[in-house]
Structures are given as structure tokens and as C-alpha cells.
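First up is the structure itself, then whatever we jot down about it.
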There are 2 protein chains.
Amino acid sequence: MHAQVTHCDRIPVMARIAPLSGFPEWLPEGRVVETHIVDALRRTFELHGFAGIETRAVEPLDQLLRKGETSKEVYVLSRLQADDDGASGGRAEKSADKQLGLHFDLTVPFARYVLENAGKLAFPFKRYQIQKVWRGERPQEGRFREFVQADIDVVGAGDLPYHFEVELPLVMAEALGSLQAIGVPPVKILVNNRKVAEGFYRGIGLTDIEGTLRCIDKLDKIGASEVTQLLLDEVGATFDQAVACLELAKISGSDATVIEAVRALAKSQGIRVSPDAADAAVDDVAGNQAGALLATGLAELEALITAASVRAPGVVVADLKIARGLDYYTGSVYETVLVGHEQLGSICSGGRYDTLASDGKNTYPGVGLSVGVSRLVARLLSAGLVTASRDVPTAVLVAVNTEEDRARSDAIAAALRVRGIPTDVAPKAAKFGKQIQYADRRSIPYVWFPGSLDDDGTPKPDQVKDIRSGDQTDADASTWTPPAEDLAPQVTPAK
Amino acid sequence: MHAQVTHCDRIPVMARIAPLSGFPEWLPEGRVVETHIVDALRRTFELHGFAGIETRAVEPLDQLLRKGETSKEVYVLSRLQADDDGASGGRAEKSADKQLGLHFDLTVPFARYVLENAGKLAFPFKRYQIQKVWRGERPQEGRFREFVQADIDVVGAGDLPYHFEVELPLVMAEALGSLQAIGVPPVKILVNNRKVAEGFYRGIGLTDIEGTLRCIDKLDKIGASEVTQLLLDEVGATFDQAVACLELAKISGSDATVIEAVRALAKSQGIRVSPDAADAAVDDVAGNQAGALLATGLAELEALITAASVRAPGVVVADLKIARGLDYYTGSVYETVLVGHEQLGSICSGGRYDTLASDGKNTYPGVGLSVGVSRLVARLLSAGLVTASRDVPTAVLVAVNTEEDRARSDAIAAALRVRGIPTDVAPKAAKFGKQIQYADRRSIPYVWFPGSLDDDGTPKPDQVKDIRSGDQTDADASTWTPPAEDLAPQVTPAK
């Protein structure tokens with residue numbers, strides 16, 4: 001199909017129209033679902049006192065490249081030069097302007113926003129942020145180049161109490177749980193604590209903690225024997241050390257037995273799990289520090305699963321294999337799976353950073369999670385889990401008797417809208433059958449017929465027809481109201 | 001200030017943090033105002049039956065460059081290559097991937113969306129779209145490089161009745177008018193019709209219609225004598241022709257006298273304003289065609305101002321100098337000024353395109369308008385016209401007696417939230433004075449005190465304090481409700 005988008009014949013013919021891989025777009029019905037989800041998340045975030053912010057889409061490139069691993073993913077911007085003919089395009093900016101790239105997450109821009117506005121924000125600062133992000137990755141199922149994230153974070157000035165590490169996944173449990181009403185599967189939030197992992201790894205004599213986390217992070221993808229090999233090859237683990245790491249990663253559960261299992265494993269590895277490193281025998285300072293770190297981590301993890309078992313029973317599961325390999329978390333870490341869709345990967349991840357941001361003098365610790373909204377919506381639509389009752393907001397279509405009489409239909413529509421009833425007016429004074437068809441194609445539930453005039457000019461009453469049931473009754477636009485569930489498109493579980 | 005955003009010591013020190021010119025960001029209070037405005041626009045658009053869509057942020061570069069004049073404004077994307085060390089950045093994409101740029105408006109992507117999904121959309125298709133757009137222009141007051149637009153358009157398949165050209169500016173009048181409640185000045189929507197301008201220009205013998213429109217478009221910026229000179233120099237007008245163009249541009253008003261004034265001017269220029277070109281004397285076909293076009297345009301313009309004077313009295317003004325010089329409109333054109341802030345320029349513009357999109361076989365005419373949300377918000381904030389009662393959603397802060405007793409405060413907060421009351425819990429069990437200060441700094445109106453326990457363990461009743469009045473009363477979290485106006489931040493005219 002050759003196509004033309006613009007509006008005068010100086011304009012050349014347009015190239016073939018085809019979707020761009022990795023840049024999802026929804027038809028209006030899909031957008032109704034996405035909007036419903038975003039509105040529901042926002043409602044829960046606001047109920048918990050999170051303030052909404054938005055940051056610009058771009059950051060200076062040097063900011064975006066600080067996490068070495070992500071550099072390949074950044075889209076860099078350049079302006080077409082004034083002296084460019086516009087045909088070749090894409091030349092890098094030659095001016096002294098700072099190079100800019102599109103943000104690939106909402107954490108880096110939020111950290112910059114906090115530093116830039118630190119004097120004007122009240123800490124602890126709780127914010128939510130729902131925006132698009134871009135990554136130049138190869139597109140594949142569940143991975144997009146442009147997608148919407150919905151983040152919540154709390155950031156403190158100087159310190160941030162541990163209880164926020166309990167609070168934030170519970171806010172997400174509530175937000176995502178509220179979506180079950182529309183057919184979103186229940187979620188499981190898998191939690192771990194970096195202090196547990198680091199304490200354990202150090203306790204068994206490993207020193208490359210990040211390397212070990214990166215290996216463990218691959219467990220679901222490549223399996224235990226490959227991870228064992230990686231641990232031997234990449235972090236210099238002995239076979240026994242590798243086996244111990246895998247034993248730790250096997251532990252999961254939603255009550256205190258998890259803590260006991262980790263303690264028992266640590267003990268079997270000769271780690272002294274003590275809450276007090278000062279207790280350390282002088283001949284094993286490192287080992288005792290590791291044990292103290294492990295003890296702290298276990299106490300935190302226990303506090304989290306204990307609170308969660310009361311406030312969101314069955315949702316939060318301690319899972320010691322959760323590593324979040326590429327991120328620089330320092331405490332709790334979180335991943336979230338849709339029950340029954342675990343192979344989709346995590347739809348909501350995050351954790352605690354002791355240094356979300358720092359200006360050298362002040363440090364801003366933070367904890368937060370990020371929902372992959374597009375990944376979630378894409379799965380809901382492709383798996384047919386969720387459906388919208390209609391793809392327009394319209395509850396009522398007002399028919400038009402004749403074009404000369406359109407003003408009367410407009411006045412009826414205005415009377416309905418002023419009372420909050422989304423109303424459209426038929427585009428043409430066609431036969432009523434065609435006008436009803438206009439409503440039917442859009443699943444607009446009601447068609448309103450302005451009363452015709454008697455021979456003496458007296459108007460007959462208006463009538464409204466429920467085109468689903470065929471019921472038609474007299475109605476007055478200043479008082480008639482549809483049932484609440486017909487006012488807006490209903491998003492519900494698909495049958 | 002040297003600053004560091006990320007989280008491990010492999011990361012280099014961050015460059016100086018400074019705002020990027022042309023990329024506006026709001027503090028939380030400004031964001032409350034922006035969100036309120038976007039929600040209000042969306043509500044009105046949905047009441048009128050417009051379906052919300054979003055398109056991806058990028059389009060193939062060849063699409064974006066079809067309007068010659070805008071090529072300088074496009075931001076082109078390139079991915080950092082895998083073989084790039086990440087330090088130099090900004091190299092243009094070498095792969096066969098189609099070059100991509102960020103959209104500079106929402107019309108080009110919407111036209112592409114319509115073509116791409118034509119088989120799945122129901123026409124006429126009414127959509128709204130509220131998204132960021134990017135232009136690599138030099139930033140100046142009211143002109144940004146990244147900004148939010150809120151568009152409504154109706155697009156037909158094959159045809160689109162004229163009445164939509166009346167409907168759409170009235171929807172915008174209602175949407176923008178609803179913002180007066182929060183202190184946004186009233187708007188004037190200035191309308192014109194391309195057929196009037198083209199019919200008149202052709203009628204006086206000019207043939208470079210686009211060139212003439214571009215000159216007239218500069219009237220407010222450079223004044224009448226400079227425009228006269230431009231018309232002589234750039235479109236080859238005679239002095240008399242230039243004067244006639246300026247006479248036309250002087251005409252404005254909100255009732256039928258405008259139509260009469262144009263007719264009289266046309267007559268004085270020897271143009272036969274006839275609704276029927278077939279009437280044409282054989283010796284003056286071009287002249288009569290011009291007169292017929294002028295007659296059609298005047299009939300349309302009259303229909304618009306007549307309907308507007310009934311449905312939005314005082315808002316819509318016919319203004320014959322409105323040219324929209326750079327756009328390829330074919331019928332009605334619209335600009336909108338904030339009364340008292342006319343020098344800000346138009347905050348909402350648009351018009352009718354006979355060919356919004358075309359695939360060669362099918363043509364999709366459209367009419368729409370676009371609100372410059374960021375320009376509006378920036379002015380409201382910088383001129384101090386609008387204020388938000390608080391910059392957090394929180395209505396109630398629940399105090400914490402002791403850290404051991406935090407669970408009780410959490411349970412109170414949960415009981416309030418479940419009834420839709422946005423609630424936060426104090427971050428620390430500090431002295432009550434400090435906890436009240438936490439609420440006060442954020443203008444949270446209520447602080448909730450969990451009842452302390454008697455010596456025998458019996459809890460005393462909870463109390464809630466309105467920190468504005470100091471009133472403190474017993475309260476039960478399962479029944480207490482604040483007045484509706486305290487539930488969410490109120491956005492109101494600034495004093």
C-alpha cells in the first residue's frame with residue numbers, strides 16, 4: 001500500500017505503512033484497557049500519599065552511560081542541521097550542545113530530579129511517575145524499544161528507615177491486586193535481600209559479589225548446571241562454593257521457615273550468623289562481618305515477610321534466588337510474576353539503594369519498584385484475558401432527524417453531557433437504521449431519538465432505546481440517567 | 001555542585017546538575033496543576049465521545065520530513081553501537097534500520113495511525129491524544145523543545161460533513177472554558193476559513209495563495225507596512241493588491257456583520273461573490289470560480305459564528321487575519337488566545353484538512369485542534385494565576401506512637417484508604433510536634449493520633465486534628481470522612 005499522509009501536492013508519496021517492531025501501539029479498545037490500568041495504579045499510589053511527577057524524556061548522555069551495561073541500549077538524539085538538506089538525516093549534533101539521549105528507565109531521571117530540586121522538596125519524598133522509556137534493544141516477546149513504566153519510590157535525605165522496604169512492595173501488591181477485578185491474574189512478589197546474599201557469599205569465601213549475583217540471576221534462563229559452570233569460570237568459585245550458592249538459591253517460602261532454612265544452611269557452611277560483628281573472634285574478622293551482614297539481612301527479610309503475611313496474605317514470597325544482577329541495590333530486592341504467566345518474566349521489579357543520589361555532601365537513599373505497564377498490557381491483550389465493553393467513551397448517541405434539525409440534537413447532547421453522560425451526535429441525518437448501526441459498531445449502548453413535531457408544532461416526547469435489549473421508552477434529557485455501569489466502558493475479565 | 005546519581009564506586013562522578021533549556025519540568029505543585037488540566041481536558045473530550053489513543057513517540061524520518069519547513073526541528077535517533085565504547089556517543093545508526101525521529105506534533109502520527117489501522121477503525125473516527133512532542137527549535141519564552149499537546153480530531157473515510165468544523169472549536173471552548181474555575185483566563189477562539197482567503201486572493205488576481213498566507217501570518221509580529229513590503233517582494237503583489245489583502249485581514253467580529261463586511265470589500269474589488277461557479281460568465285471563469293469559493297467559505301464561516309454565538313456566546317470570533325501560514329488546511333482554521341495574555345500567542349490551533357491522510361485509493365479528511373498544554377501551564381505558573389492547596393495527594397497523616405506500634409498506624413491508614421481517603425503514615429515515631437511538622441510542610445490538612453493504651457491495655461479513642469484550625473476530636477477510622485474538598489488537592493485561582 002502506497003500512502004500519503006500530508007496535505008498538498010508538493011508532498012512526496014509516503015513509504016509503505018508498517019508497524020515498527022518494538023514500538024507497540026494499541027487500537028482504541030487496547031488503549032481503554034491500558035488507560036484503565038494506569039488510572040487504577042495512579043489511584044492506589046495517590047491513596048498511599050505518593051505525589052505524581054514527570055521528568056523530561058531526555059538526559060545528558062554522560063548521565064545515561066554511567067551504568068556501563070546499558071550503554072548499548074541508549075537512543076542518542078541529534079538535530080537535523082539547518083544546512084542539512086533533510087534527506088540524509090541522522091547526523092550527530094555538531095554544536096557545543098550537550099549530547100542528549102532518551103531515558104531508559106525512570107530511576108536515573110528521578111535521581112537527577114531529586115538532586116536538582118533537593119532544596120525545594122520535602123523528605124522523605126514519595127513520588128510516582130508513569131511515563132514512556134526507550135531502549136534500543138533487539139525487540140522480542142515482552143521486550144519493547146518503547147514502553148510505559150509506572151514507578152513508585154521513596155527517597156530520604158541522609159537516611160531512610162527500613163520500614164519503607166516493607167511498605168513499598170505492599171503498595172504494589174495492593175495496586176496490582178486491584179487489577180484482578182478486570183481479569184489480571186494474581187501476582188506473586190518475590191523478595192530477597194542483598195545483605196543475605198552478600199553475607200552468605202562472603203561467609204563461604206567468595207569476594208566477587210556482583211559477579212556471583214549476575215550468575216545466579218541467570219538461573220531461570222540457563223539452569224543450575226550451567227550456572228555452576230559460570231560460577232567456576234567467572235567468579236573463581238570452587239565446586240563446593242558453587243553448590244552452596246545454588247543451595248541458597250533453592251530456598252523459598254512465605255513464612256519464618258525460610259529464615260530458619262537459610263540459618264541452617266549458613267551454619268552447615270560454618271558461617272556464624274551473628275547480629276553483632278563486634279562479637280567477632282579476632283582471628284576471623286571477615287567471616288564474622290559476613291555473618292553479621294547475613295544476620296541483619298535475615299532480620300530485615302523476616303520483618304518483610306511477617307508484615308506481608310498479615311497485610312497481603314499469600315502475595316509476598318521470600319525467594320533467595322532473586323538477584324537483580326545488573327542493578328546496584330543494597331538491601332531488599334523485588335521481582336513480580338503474574339501467576340500462570342511466570343515465563344513472561346518480572347512485570348514489577350525494584351529494590352533498595354543506599355545511594356539513589358548523592359551530591360558529594362548529601363546522600364539520598366531510596367527504595368522503589370517499577371511496573372512494566374506495556375509488558376503487562378501486551379500480555380493481557382494477546383492472551384485475551386481482559387476485555388472492554390466498548391472502545392469509545394460514549395454512552396449515548398443522539399440521532400438526528402434532519403440536518404436542519406441538528407441543533408435540537410446538539411442541545412439534547414449538551415443537556416446529557418452537563419450531567420456527566422458521555423454523548424455523541426450522529427454524524428449524518430441518515431435513516432435511523434444507519435444511525436443505530438453507527439452506535440452498534442461502537443457498542444454505544446443507548447440511542448436517543450428527539451421527538452418529532454406534531455402537525456401543530458408540538459413536540460412529541462424524546463425516546464431512548466437500549467440497543468442491547470431493544471427496550472425503548474420516553475425520556476427527558478434533563479433527568480434521564482443510565483445505570484452507573486453504562487456511563488464508562490467497563491473493563492472486565494474476558495470469557 | 002558535583003553530584004553522583006548511581007550506586008557503586010565503579011561509577012564516575014556526575015557532571016554539574018542544571019536544568020536543560022527548553023525541557024520544562026515542574027515541581028510537584030506545578031505537576032498537580034498540569035495533571036488537573038490534563039484530566040479536565042480529557043473529561044470534556046470523553047463527554048463528547050472522543051476515544052483516547054496514544055501513538056509511539058517515533059516515526060520514520062522520511063515521514064517527518066515531508067513538510068519541508070519543519071525539517072530543522074526534528075530530533076533524529078541513533079543507537080549507540082555495540083562496538084562503540086560508549087564515550088563518544090551520538091553516531092548515526094549504521095544498520096539497515098529505518099531512520100527514526102521523534103514526532104514534532106500529533107497530527108502526522110495520527111494520520112499514519114489512521115492509515116495503518118483503517119480496516120479496524122469505525123469512521124468518522126473521533127480521537128483525543130495527549131502526549132509529549134519534540135522540536136529542536138531554539139528555546140524561547142513559550143517555545144519549548146519538549147512539550148505536551150492535547151489534540152482532538154475527527155477523521156472521516158471519503159467525506160466529513162462540515163458541521164464537524166463547527167463542533168470541534170466548540171468542544172475546545174467547553175474544555176478550556178472549564179478551566180476558568182481554577183483561574184485560567186477566558187479564551188477567545190479566532191476563526192477564519194481558507195476558502196474565504198483563497199477566494200478573495202484569487203478574486204483580486206493573486207495566484208501564490210500559500211505565499212500570501214505566509215505573509216499575512218506575520219501581521220501580528222512585524223506589522224502592516226512590513227507585510228505590505230513582503231507581499232510586493234515575495235508574492236509579486238501590486239500595491240493595490242497588498243492593500244486589499246490587508247483590508248481583508250482587518251475584518252473581525254462575532255456576528256453576521258463580519259460576513260457583510262467581507263462581501264462589501266469583495267464587491268469593491270470587483271469580485272462576484274456567487275455560490276454557483278457554473279454561473280460563471282465564459283469570459284471570466286477564474287474570477288467566477290474565485291467568487292464561488294469565496295461564497296462557499298463565507299457561508300461556512302457564517303454557520304460557524306452563528307452556531308457559536310448560541311452555544312458559546314462571546315468565545316468564538318471571526319478574524320480574517322488568521323492564516324496558519326505553514327499548514328495545509330483547506331477550510332476552517334482556528335487559533336486561540338488567553339484573554340489578557342494575547343502576546344503569548346495561540347495556545348490552541350488547528351483547522352480542516354481535506355486530506356489528513358490518503359493511501360492513494362481512499363482519502364481521509366479531518367478537522368482538529370491542538371492545545372499547547374505546556375505553554376499554558378508554564379504561563380499559569382510563571383504568572384502566578386493558579387495555585388494548588390497542597391503538592392501531595394495526602395489528606396491524612398497518621399502519627400506513629402512508637403516504632404513497635406507502627407502496625408497500628410498502618411492499620412488505621414488502611415481503614416481510611418479503603419474508603420478512598422489518601423493517607424500517609426509518619427516516617428518516624430518522632431515527637432508529635434515533628435510529626436505535625438511533616439504534615440504542615442506538605443499542607444496535609446489532618447493528622448490522626450492513634451489512641452494510647454490505658455494501663456489495663458484498653459485503647460483510648462483515636463483523635464484527628466485539623467491542623468489548619470487546630471480542632472481535635474475523637475474519631476473512628478472506619479467511619480470518619482473529611483469534607484469532600486479536602487480529599488484531593490484543590491487547584492484554584494491564586495489570590
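Since the structure is predicted, the reported quantities are computational estimates derived from the model, not experimental observations. These numbers come from the heavy atoms of this one structure, side chains and all, not from hydrogens, waters or symmetry mates.
Most heavy-atom pairs under 4.5 Å with chain B: of the set A/L160, A/D39, A/V418, this distinction falls to A/D39. In terms of heavy-atom pairs under 4.5 angstrom with chain A, the leader among B/A407, B/G30, B/P124 is B/P124. Most heavy-atom pairs under 4.5 Å with chain A, from the set B/V392, B/T55, B/T394, B/V425: that is B/T55. In terms of heavy-atom pairs under 4.5 angstrom with chain A, the leader among B/P393, B/G49, B/G101 is B/P393.
In summary, B/K120 and A/D391 do not engage in a salt bridge, as defined by a charged side-chain N under 4.0 Å from a carboxylate O. With respect to the salt-bridge test (charged N to carboxylate O, under 4.0 angstrom), the residues B/R417 and A/E174 do not qualify. Salt-bridge annotation for A/R406 and B/E167: absent, with no side-chain N of the basic residue lying under 4.0 Å from a carboxylate O of the acidic one.
If you take CG on A/D410 and CG on B/L170, they are separated by 8.5 Å, rounding to the nearest 0.5 Å. Atom CZ of residue B/R135 and atom CZ of residue A/R79 lie 14.0 Å apart, to the nearest 0.5 angstrom. Separating the CG atom in B/L100 from the OH atom in A/Y75 is a distance of 6.5 Å, to the nearest 0.5 Å. Rounding to the nearest 0.5 Å places NZ of B/K126 at 9.5 Å from CZ of A/R442. Note that the CG atom of B/L47 and the CG atom of A/D424 stand 11.5 Å from one another [nearest 0.5 Å].
Using a 4.5 Å cut-off between heavy atoms, B/P19 touches chain A through backbone and side chain atoms alike. Interface remark: B/Y364 contributes no atoms to any contact with chain A (heavy atom separation under 4.5 Å). Using a 4.5 Å cut-off between heavy atoms, B/F110 makes no contact with chain A at all. Only the backbone of A/F123 comes within contact range of chain B, judged by heavy atoms closer than 4.5 Å. Heavy atoms closer than 4.5 Å to chain B are found in the side chain of A/R42, but not in its backbone. Contacts of B/H48 with chain A are made by both backbone and side-chain atoms, with heavy-atom separations under 4.5 Å. With a 4.5 Å cut-off on non-hydrogen atoms, B/A57 touches chain A through its backbone and its side chain both. Looking at B/E146, only its side chain comes within 4.5 Å of chain A, counting heavy atoms on both sides. Interface remark: A/L416 contributes no atoms to any contact with chain B (heavy atom separation under 4.5 Å). At a 4.5 Å heavy-atom cutoff, the contact between B/L102 and chain A is made by side-chain atoms alone. Looking at A/R311, the atoms closer than 4.5 Å to chain B (heavy atoms on both sides) all sit in the side chain, from C-beta outward. Of the atoms belonging to B/P161, it is side-chain heavy atoms, and not backbone ones, that fall under 4.5 Å from chain A.
Of all the heavy atoms in A/Y113 and B/W26, the pair that sits closest is OH-O, 2.8 Å. Minimum heavy-atom separation, A/R31 to B/I53: CG-CA, 3.8 Å. Heavy atoms only, all atoms of each residue included: B/P427 and A/F164 are closest at CB-CZ, 3.8 Å.
Using modelled atom types, no side-chain atom of B/R56 and backbone atom of A/F23 make a donor-acceptor pair closer than 3.5 Å.
Scanning for side-chain hydrogen bond (donor to acceptor under 3.5 Å, both in side chains) contacts around B/D159 gives A/K428, with sequence neighbours left out.
Counting non-hydrogen atoms of other residues, nucleotides and ligands closer than 6.0 Å to CZ of B/R419 gives a total above 12.
Counting heavy atoms from C-beta outward, A/K132 and B/K132 have side chains that stay 4.5 Å or more apart. Contact annotation: the side chain of A/L121 approaches that of B/L27 to within less than 4.5 Å [non-hydrogen atoms, C-beta and beyond]. Here the side chains of A/R112 and B/E25 are in contact, with some heavy-atom distance below 4.5 Å.
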